[in-house]
Amino acid sequence: GTLRLHPGNRQLVEWANSTHTSVDIVLRSGRPLPTIRPELVISLALVDTIPENLLRLTNLRKLTVAFPLASSHKLKTRTLSSCCPPTVESLALVRVPVEIDWLPEGCTSLSMTRCRDVDVGAVLGSHLKFLRLNNCNIGNDAFVEIVSKCPGLASLQLPNNGALRVPFTCSSMPPLLSLDILCCDGGSAPQDVVAIVAAFPRLEELALHLGGDCSALIRLQKSLRRLCVRLSDELTAAELATRVLPRLLSLQRLDVIVPRQTDVAAAGQRFRCLVPSIAVR
């Protein structure tokens, strides 16, 4: 198994070194990496810090780097290749000023949150299975590039990037099982359900802004297990409740975001008996 190692626990560090035990480390600002054998570090989470010697971790599989809003450091942009070992399979970045110049060949999962103006072109490829870019200024051009260059993608999460549209210009789409293009910005427009269902007919999880005719969701009745919707108006809510949800036989979870806080109670009453699990906000 893997041991969660506190960097300040010298006895545990010595024990892990002597027994060749793999370790999981959380390192916060102001602390150096412990004197652990580099090949024993399997998972590393960095909070408000990026040590200079990360590339020596020759067996690192999971790397998380997060900077808080009120960081104690003046953040300088770094290239990913200068701080990410080539063995990393899962990478998560939160508010990290980084130039995505490269991605390890074995990396199948990439998550970025509030990493502004990201150029995703350099990291796309057939190896990616999970991609999450939350509030990263991703536009429709980047959306087209993602779905055209990641044929093996199973999960694509692009929340809070504006009203993204499913691109018709792509000749082939990845076999997505999970898609999140929901933006909670009050100014975003509803998304084209017909285009989404046509492009990704095997979806098991879907999050989007609904407005107008949403009957195309019925075509996902055998696969869709989780649905998160932001409702734009009363007519859409009524159609979802009366025509669509009763036909979604595989649906297990429904999350509903209503236009106003005063609508929460009524929406809860409307949808509560239609799905095994429901949350309204």
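In what follows, residues are counted from 1 in the order of the sequence shown. Any value given below was found using the heavy atoms of this structure, including those in side chains, with hydrogens, waters and symmetry copies removed.
- Counting non-hydrogen atoms of neighbouring residues, nucleotides and ligands closer than 6.0 angstrom, the CZ atom of Arg56 exceeds 12 such neighbours.
- Side-chain contact between Thr87 and Arg61: present, with at least one pair of heavy atoms (C-beta onward) separated by less than 4.5 Å.
- Between the side chains of Ser155 and Gln157, at least one donor N or O lies within less than 3.5 Å of an accepting N or O.
- With respect to Lys222 and Glu204, no salt bridge is recorded, no charged nitrogen being found less than 4.0 Å from a carboxylate O.
- Around CG of Asp141, the count of heavy atoms belonging to other residues, nucleotides or ligands within 6.0 Å does not exceed 12.
- When each of Val65, Leu60, Leu33 is checked for a side-chain contact (heavy atoms from CB on, under 4.5 Å) with Leu54, only Leu33 meets the rule.
- Contact of the Leu245 side chain with the Phe271 side chain is registered, since non-hydrogen atoms from C-beta on lie closer than 4.5 Å.
- Taken to the nearest 0.5 Å, the CG atom of Leu63 stands 9.0 Å off from the OG atom of Ser90.
- Contact of the Arg202 side chain with the Leu220 side chain is not registered, since no non-hydrogen atoms from C-beta on lie closer than 4.5 Å.
- With Leu5 as the partner, the side-chain contact (heavy atoms from CB on, under 4.5 Å) test is satisfied by one option alone out of Ile25, Leu40, Val26, Val41: Ile25.
- Under the 3.5 Å distance criterion, with hydrogens and angles disregarded, no donor-acceptor pair is assigned to the side chains of Asp24 and Thr2.
- By the 4.5 Å heavy-atom criterion applied to side chains, Asp213 and Glu239 are counted as neighbours.
- The shortest distance between side-chain heavy atoms of Cys83 and Leu55 does not fall below 4.5 Å.
- Around the CZ atom of Arg78, the shell of radius 6.0 Å holds more than 12 heavy atoms that belong to other residues, nucleotides or ligands.
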